Amino acid sequence: MKTQFIPIDYDYFDFQGRNYIKIIGRNEQGKRVCVIDECDVYFWAVLKDKISQDNIKKIIKRILKIKLDVKGRKTKVEKVELHDKNFLSKPVKALKIFATNYKDLHDIASQIDMKEIEKRRGYDLGFITHYIIEKNLIPLNNYEIEGELLNNSTEFGGIDMALDVDFCIKLKSHKNIDKISKQVHSNSTSPGRMVGGGGGTNELASNKLFIPKILAYDIETDEFQIGKGEILMISLVGENFKKVITWKKPKGKDDNNPMNKTSKTIGVGQDLGGHQASYVEIVEDEAELLEKFVEYVKTLSPDFLVGYFSDGFDLPYLKARAEKNRVKLSLGLDGSQPRFSKGIMLTGKINGIVHIDLLKFIRTAYSQYMQSETLSLNEVSKEFLNDTKKEFQFKHSSKITHDEWENYFEYSLHDSILTYKLFEKFWPDMFEFTRVMQEPIFDVSRNGMSTNVEDYIIHNLNRFNEIPEKRPTHEEISSRRNQERFEGAFVFEPTPGIYENIAMFDFTSSYGSVIVTYNLSKSTYLEKPSKENYNIEALNKKVYFSKKPGFFPEMLKEIIMLRKKFKKELKSSKPDNETILKARSNAFKLLANASYGYQGFFGARYYCLEAAAATAAFARKSIQDAIKEIDKSGFKTIYSDTDSIVFLINKKTKSQTLEFLKNLNQKLPGIMELELEDFFKRGIWVTTRGGTTGAKKKYALINEKGKVKIRGFETVRRDWCNLARETQNKVLRMILEEGSYKESLKYVKEIAKKLRKREIDKKYLIIKTQLKRPIDEYKANTPHILIAKKMLKKEMPVSMGTLIEYFITESKNKKALVRDRAMLPTEPGEYDIKYYLEHQIIPSVENIFQVFDINISEELAESKQKRLEF
DNA sequence: GAAGTGGATATACC
DNA sequence: ACTGGTATATCCACTTC
């Protein structure tokens, strides 16, 4: 049979000793399709130089004899071929060694240790990755497939019968129709449709967006620890679907309300006591709750089951309670239960339905760019959806009253609604990331940037006829980690002061452009200089790179082009789309920048410290050269960090500045390019605390539209209390807007006065510090660690990553340390006026007023008399 | 006992 | 363990005079 097909979830199984891939996807009619396929299984043995043909034949003969019997599985070498390949961009002769089972490649490779063989490679990719490369059946691409329909077939042990899919097809052929198909407009709500605009010349960029069927979920429990308490309710949200399943019967004022005893007969949406919302469905007990949940997932049959922090909480909790209740959590299309990866970081996998933990994708793709101080569902929703969680005061289920239950249901439902909407927002990027990285979305949505970079490389090696490099061994990793650190970015020391008429330029994808321009990578690194090369001083030596384009820089070029496209889209977008487009453009910028980090990352297959160090060195040189040009042309540089330059345009006009930029760009090498970030009306730089030199990474700017950009100041740091942050923010804004300190001084005096009169609400005085590791791994005893320990004693949820909140109280003991005066927000105690004045308010504005020669401590002194006495 | 210093820690910038 | 280096700033333990 023939059908269109979009691969979504990948899995594999063994049948009669061989590996088979099982791909779950959709077709255009929204039918769920399972594709079974196989591929050649092989690895590479790279031969040493100048091995005679005879010798090669002998080696092949010996290899062909290899047989293995591991764990009752018989594997043998089935075929050996000689190929001309590249390894790290160098032409090599290599043997392609075919075997029965992918899992045995490592063992076979270990047996091939003849002296003529230089290296063994390509056995550590994972079968799914290997399959995708081998057959070119890429996740979330659009295919036309042809194959044999398995219908109650005994093939593969009757796999099609156990699978809840519309078609199960043994693949014969497939054709990618993404690139040639025209865009499809559809109002259909069935999954599997593709929508979106065409255009764009880059092949990587999708011209259609696949719209999956999604189901967001969220659970509410009595305890935070996995499986410790009972699950009270589960909320589910899909397209035109809202449901809260619970076994807690809201009790009315009359506890003997007969309605409470008829739970089993209460149907969906039935009214209960005149208050029951229609989306609430009441079941008998926790076991039935779990069964009902499984039933809904089966009926709705989504492509994605989406949660928020669900790898770490919801799914493992469900599993634990299912075990306790002896309910089978058979969510998988094959009836299997969720599987969890071992290790510290849990990941929950469901066969055939992709379980997505949104938090993970947000962390890698957006968090660096976001304004939110935590990645809580509430804050992230606020930033991207302009919506928040519903109010609900947690208490144990036994203490919840009737009306409160109603609120609780609504609260839970709304969490799922937010999760659903967030998924919709991020889906285009997840889609794009998956297609670029070419790995299953289950992994791409969880992986960090370094893994993304590596996936991208691995899946593009064939274009360069390259044999993949292996993962580093533990020994290699530890030796890499002990490597001396290399010199990084250049940061210009600013002169403290307030400036006017400012422009900012920055290099687009700075490090990425450097890598591309100077061809910096493991495979282009030259131990000895060749005639034609790029070279620079790095790692206390001169390092050389070939001018013949390497695969890594070539690939990176594509990422940079894609990013440029997104950035262009952003510029011509409507304001209501801005947040997400900005995030997207930024996500690809991060990906491009991660390539630099990748080459210096100890876990990387293509680790090359020389390339990483040279990248930083070339980048330093680029920016310093640009600064020279700028200063030479009638401007004056006042600040610069890594890839941006801030300068005074002096008497020049904006158009002269832009003209200058154009000319400057023409002189830049390769794909290096500067762009205008913005023009600014005014800006301020301050000294370091207690010093006289200008502080780096700390400044505030205001553009002509009055938009303020604040970097590094306490205003943007979450480990300062809100009073200090807001005071500083106000002061900076007033000064930037007016160019004078007068008003802001009055303002600070007002705040100090209120603080002294104890008129400041405690909530503005809370200091928040994150617990970055398990509590007993700390050597120091800081306020937040002490508070965390106190919280543990009170059985409050504290773990790695928790944001610890506290405030500083007064103490009779004058020598009491800050940590001894730190109290939980819920604890009684008067705030310490002196502490907040001297350790929060004054430090936050001191350096700013110093720019105007104002000593804020003196200005805020309790009595001016004191000053006069001197 | 005040002052200075350095380690541990957190957070931001790019 | 799950990109990199640069930089500021706090609190606290310790040393020094």
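The structure presented is a predicted model; accordingly, all values stated were derived computationally and were not measured. Residue numbers begin at 1 in each chain, while the letters A, B, ... track the order of the sequences.
Mapped onto DNA chain C by nearest heavy atom, A/E487 and A/A594 fall at different nucleotides, with A/A594 at the one closer to the 5' end.
Comparing atom distances between the A/F601 side chain and each of C/dA7, B/dT11, C/dC2 picks out C/dC2 as nearest. With distances taken from any side-chain atom of A/T642 to the nucleotides C/dA9, B/dC14, C/dA7, the minimum falls on B/dC14. In the set C/dC11, C/dA1, C/dA9, C/dC11 carries the atom at the smallest distance from any side-chain atom of A/H839. In this structure, of B/dA10, C/dA13, C/dG4, it is C/dG4 that holds the atom nearest to the side chain of A/F602. Nearest nucleotide to the side chain of A/V491, out of C/dA9, C/dT10, C/dT6: C/dT6. If you check C/dT3, B/dT11, C/dG5 against the side chain of A/Q770, the one that comes closest is B/dT11. When each of B/dT9, C/dG4, C/dA13 is scored by its nearest atom to the side-chain atoms of A/Y596, the top-ranked nucleotide is C/dG4. Comparing C/dC12, C/dT10, B/dT11 against the side chain of A/R717 picks out B/dT11 as the nearest. Relative to the side chain of A/F486, the nucleotides C/dG4, B/dA8, C/dA7 differ in distance, and C/dG4 lies closest.
Ring pair A/F490/A/F492 is perpendicular by interplanar angle, where above 60° counts as perpendicular and below 30° as parallel.
Closest approach of A/E439 and A/H459 over heavy atoms only: OE2-NE2, 2.6 Å.
You'll find a donor-acceptor pair under 3.5 Å spanning the side chain of A/Q368 and the base of C/dT3, going by distance alone. For a distance-only test at 3.5 Å, the side chain of A/R689 fails to qualify as a donor-acceptor partner of the base of C/dT8.
Using a 4.0 Å heavy-atom criterion, one finds that A/A489 contacts the sugar-phosphate atoms exclusively. Using a 4.0 Å heavy-atom distance criterion, A/G600 is classed as a sugar-phosphate-only contact.
No close placement of the A/F807 and A/Y831 rings is indicated, their centers lying 6.0 Å or farther apart.
OP1 or OP2 of C/dA7 has at least one side-chain nitrogen or oxygen of A/K696 nearer than 4.0 Å. For the OP1/OP2 pair of C/dA13 and a distance below 4.0 Å, the side-chain nitrogens and oxygens of A/R819 include at least one atom meeting the criterion. Phosphate proximity of C/dA7 to A/R711: absent, as no side-chain N or O sits under 4.0 Å from OP1 or OP2.
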